Engineer: 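Handing you a structure now.
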Amino acid sequence: IMLHSTLALSLLLIAVSSNLAMAIKKEKRAPQTLSRGWGDEITWVQTYEEGLYQAKKSNKPLMVIHHLEDCQYCQALKKAFAENEEIQEMAQNNFVMLNLMHETTDKNLSPDGQYVPRIMFVDPSLTVRADITGRYSNRLYAYEPQDIPFLIENMKKALRLIQTEL
């Protein structure tokens, strides 16, 4: 009986440890969590402060996406954003990218309120670009899925401003 229970325990331990190993492996393969579904190929910074630092260092504009997990408008915009090749490519190559699910202490990032989804641009001189806005006068930095072409234009505008101003 002793031998039998030792064997059973050993088998149990083997089963548990191999499941654990599988779970750990799965964890490693998952796309980087900072993307939160906005684009797994994009390198995302973790904080606004890190974003400012990287923008200044790399001379690229910082794009800040404010969103919430349980917001249907955010989910719809995220899907359109993630599926758009032009946006994904520009975001990968020409921008420092940040998506936030909480507000920053920088009041310049909420000039007309703390709504979501909200997308703002900060240039490498660390100026929040209040002049790069969406289509809506009541929520200047809001974008909807059908506004993707507009967002692409604004991304290009952010890049042009750097070339002309800095």
Side-chain angles (χ1 to χ4, degrees), residues 27-166:
E27 198 58 40
K28 275 202 181 106
R29 267 206 322 270
Q32 58 146 333
T33 49
L34 290 177
S35 90
R36 300 187 181 97
W38 290 90
D40 293 335
E41 302 302 311
I42 297 169
T43 304
W44 297 90
V45 294
Q46 200 160 353
T47 63
Y48 183 55
E49 292 67 31
E50 186 192 346
L52 294 175
Y53 173 77
Q54 292 293 346
K56 201 175 179 76
K57 197 175 88 164
S58 64
N59 200 35
K60 291 177 178 177
L62 168 64
M63 183 172 178
V64 183
I65 305 170
H66 284 96
H67 64 107
L68 290 170
E69 219 34 77
D70 54 3
C71 153
Q72 61 180 10
Y73 305 103
C74 300
Q75 294 295 354
L77 181 64
K78 180 193 297 190
K79 189 176 182 319
F81 187 98
E83 288 172 359
N84 186 287
E85 282 177 32
E86 192 175 0
I87 284 186
Q88 291 293 308
E89 197 205 338
M90 274 197 289
Q92 283 169 46
N93 300 318
N94 309 106
F95 287 85
V96 174
M97 297 295 296
L98 172 66
N99 71 74
L100 285 178
M101 295 197 290
H102 58 84
E103 288 297 331
T104 67
T105 52
D106 186 346
K107 294 287 170 266
N108 296 313
L109 281 182
S110 51
D112 65 341
Q114 299 189 337
Y115 51 87
V116 290
R118 190 166 89 245
I119 300 180
M120 300 189 70
F121 297 92
V122 185
D123 70 30
S125 75
L126 309 188
T127 306
V128 176
R129 300 307 308 217
D131 53 349
I132 305 180
T133 55
R135 296 190 309 134
Y136 309 98
S137 54
N138 60 334
R139 292 182 172 224
L140 292 176
Y141 308 96
Y143 295 86
E144 295 184 337
Q146 64 269 25
D147 302 329
I148 287 292
F150 208 83
L151 179 58
I152 290 171
E153 281 314 301
N154 278 346
M155 289 173 82
K156 290 177 178 169
K157 183 177 176 184
L159 293 171
R160 273 198 311 275
L161 285 171
I162 288 179
Q163 269 116 45
T164 56
E165 289 182 8
L166 301 179

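All residue numbers refer to positions in the sequence shown, counting from 1. These values consider heavy atoms only, across backbone and side chains, with no hydrogens, waters or symmetry-generated copies. Note that the structure is a prediction, hence the values are computed from the model and not measured.
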Engineer: List the steps, then state whether side chain to side chain contact (heavy atoms under 4.5 Å, CB included) holds for Gln88 with Ile42.
Structural biologist: CA-CA 7 Å; Gln88 291 293 308; Ile42 297 169; 3.3 Å; yes
Engineer: If you look only at pairs with a residue in residues 63-72, which of them pass as a salt bridge (charged side-chain N to carboxylate O under 4.0 Å, His left out), with sequence neighbours excluded?
Structural biologist: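 For residues 63-72: Glu69-Lys78.
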Engineer: Just verifying a value: how many Å separate Asn138 CG and Tyr115 OH, rounded to the nearest 0.5 Å?
Structural biologist: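 Going from CG on Asn138 over to OH on Tyr115, the span is 8.0 Å.
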Engineer: Do Leu34 and Leu98 touch side chain to side chain, with heavy atoms closer than 4.5 Å?
Structural biologist: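 Side chain of Leu34 against side chain of Leu98, heavy atoms only: no contact under 4.5 Å found.
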Engineer: Under the rule for ring pair (Phe, Tyr, Trp, His ring centres under 6.0 Å), what residues qualify as partners of Tyr143, not counting sequence neighbours?
Structural biologist: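 Ring pair (Phe, Tyr, Trp, His ring centres under 6.0 Å) check on Tyr143 returns nothing, list empty.
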Engineer: Report yes if the side chains of Leu159 and Phe95 come closer than 4.5 Å at any heavy-atom pair, otherwise no.
Structural biologist: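 In contact.
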Engineer: Is the shortest heavy-atom distance from the side chain of Leu161 to the side chain of Ile132 under 4.5 Å?
Structural biologist: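 Side-chain contact under 4.5 Å: yes.
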Engineer: Which heavy-atom pair separates Leu109 from Pro111 by the least distance, and what is that distance?
Structural biologist: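 Nearest pair, atom of Leu109 first, then Pro111: C-CD, 3.3 Å.
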Engineer: With sequence neighbours left out, which residue pairs that include part of residues 65-84 fulfil the ring-ring contact (aromatic ring centres under 6.0 Å, His included) condition?
Structural biologist: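 Found Trp38-His67, Trp38-Phe81.
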Engineer: Output, in order, the C-alpha distance, side-chain angles, deciding distance and verdict of side chain to side chain contact (heavy atoms under 4.5 Å, CB included) for Thr43 and Gln92.
Structural biologist: CA-CA 7 Å; Thr43 304; Gln92 283 169 46; over 6 Å; no
Engineer: Which residues pass the salt bridge (charged side-chain N to carboxylate O under 4.0 Å, His left out) test with Glu103, sequence neighbours left out?
Structural biologist: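 Once residues adjacent in sequence are excluded, the partners of Glu103 under the salt bridge (charged side-chain N to carboxylate O under 4.0 Å, His left out) criterion are Arg118.
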Engineer: Counting C-beta onward and ignoring hydrogens, is there a side-chain heavy-atom pair between Ile87 and Met155 closer than 4.5 Å?
Structural biologist: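 A side-chain contact exists here, since the closest heavy-atom pair is under 4.5 Å.
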Engineer: Which residues satisfy the salt bridge (charged side-chain N to carboxylate O under 4.0 Å, His left out) test with Glu144, sequence neighbours excluded?
Structural biologist: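 Checked Glu144 against salt bridge (charged side-chain N to carboxylate O under 4.0 Å, His left out); zero matches.
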Engineer: Please name the residue in the list Ile119, Asn154, Asn99 that meets the side-chain contact (heavy atoms from CB on, under 4.5 Å) test with Met63.
Structural biologist: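 Option passing the side-chain contact (heavy atoms from CB on, under 4.5 Å) with Met63: Ile119.
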Engineer: With no hydrogens and no angle check, is any side-chain donor or acceptor of Thr47 less than 3.5 Å from a backbone partner on Glu50?
Structural biologist: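 Such a contact is found between Thr47 side chain and Glu50 backbone.
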Engineer: Do Lys60 and Asn94 make a side-chain contact, defined as non-hydrogen atoms from C-beta onward lying under 4.5 Å apart?
Structural biologist: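 Side chain of Lys60 against side chain of Asn94, heavy atoms only: no contact under 4.5 Å found.
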Engineer: Please check if the number of heavy atoms outside Gln46 that lie under 6.0 Å from its CD is greater than 12.
Structural biologist: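 Open.
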Engineer: Check side-chain contact (heavy atoms from CB on, under 4.5 Å) between Ala80 and all other residues, then give those that pass, not counting sequence neighbours.
Structural biologist: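 Counting only residues at least two positions away or on another chain, Ala80 forms a side-chain contact (heavy atoms from CB on, under 4.5 Å) with Pro145, Ile148.
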Engineer: Hey, what do you get for CG (Leu77) to CG (Leu151), rounding to the nearest 0.5 Å?
Structural biologist: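 The CG atom of Leu151 is 7.0 Å from CG of Leu77, to the nearest 0.5 Å.
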Engineer: Considering residues at least two apart in sequence or located in another chain, which fulfil the side-chain contact (heavy atoms from CB on, under 4.5 Å) criterion with Leu126?
Structural biologist: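 Checked Leu126 against side-chain contact (heavy atoms from CB on, under 4.5 Å); matches are Leu52, Lys56.
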Engineer: Should Val96 and Ser58 be marked as a side chain to side chain contact (heavy atoms under 4.5 Å, CB included) after you check the CA-CA gap, both sets of side-chain angles, and the distance that decides it?
Structural biologist: CA-CA 8 Å; Val96 174; Ser58 64; 3.7 Å; yes
Engineer: With sequence neighbours excluded, what pairs up with Arg139 under the salt bridge (charged side-chain N to carboxylate O under 4.0 Å, His left out) test?
Structural biologist: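 Arg139 satisfies salt bridge (charged side-chain N to carboxylate O under 4.0 Å, His left out) with no residue once adjacent residues are dropped.
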Engineer: Rounded to the nearest 0.5 Å, what separation is found between the SG atom of Cys74 and the CE atom of Met101?
Structural biologist: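 Atom-to-atom, Cys74:SG and Met101:CE are 10.0 Å apart.
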Engineer: Enumerate the residue pairs fulfilling salt bridge (charged side-chain N to carboxylate O under 4.0 Å, His left out) with a member in residues 145-157, sequence neighbours excluded, ordered by first and then second residue.
Structural biologist: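 Passing the test, one end in residues 145-157: Glu86-Lys156, Arg135-Asp147.
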Engineer: Taking all non-hydrogen atoms of both residues into account, name the closest pair between Phe150 and Gly134 and its distance.
Structural biologist: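 Nearest heavy atoms, Phe150 then Gly134: CE2-C, 3.6 Å.
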Engineer: Sequence neighbours excluded, which residues qualify as salt bridge (charged side-chain N to carboxylate O under 4.0 Å, His left out) partners of Glu85?
Structural biologist: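 Glu85 satisfies salt bridge (charged side-chain N to carboxylate O under 4.0 Å, His left out) with no other residue.
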Engineer: For a quick test of reading the model, state the closest non-hydrogen atom pair linking Arg129 to Tyr141 and the distance between them.
Structural biologist: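 That would be O-CE2, 4.1 Å.
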Engineer: Enumerate the residue pairs fulfilling salt bridge (charged side-chain N to carboxylate O under 4.0 Å, His left out) with a member in residues 105-114, sequence neighbours excluded, ordered by first and then second residue.
Structural biologist: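 Residue pairs passing salt bridge (charged side-chain N to carboxylate O under 4.0 Å, His left out), neighbours aside: none found.
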Engineer: Work out which heavy atom in Pro124 is nearest to a heavy atom in Ile162; give both atom names and the distance.
Structural biologist: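 For Pro124 and Ile162, the tightest heavy-atom pair comes out as CD-CD1, 3.4 Å.
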Engineer: So, for Ala142 and Tyr136, which heavy atoms are closest and what is the spacing to 0.1 Å?
Structural biologist: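 Heavy atoms of Ala142 and Tyr136 come nearest at O-CD1, 3.7 Å.
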Engineer: In chain order, what residues pass the side-chain contact (heavy atoms from CB on, under 4.5 Å) check against Lys79, with sequence neighbours excluded?
Structural biologist: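 With sequence neighbours excluded, Lys79 shows a side-chain contact (heavy atoms from CB on, under 4.5 Å) to Glu83, given in chain and number order.
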Engineer: Please lay out, stage by stage, how Asn108 and Met120 fare under the test side chain to side chain contact (heavy atoms under 4.5 Å, CB included).
Structural biologist: CA-CA 10 Å; Asn108 296 313; Met120 300 189 70; over 6 Å; no
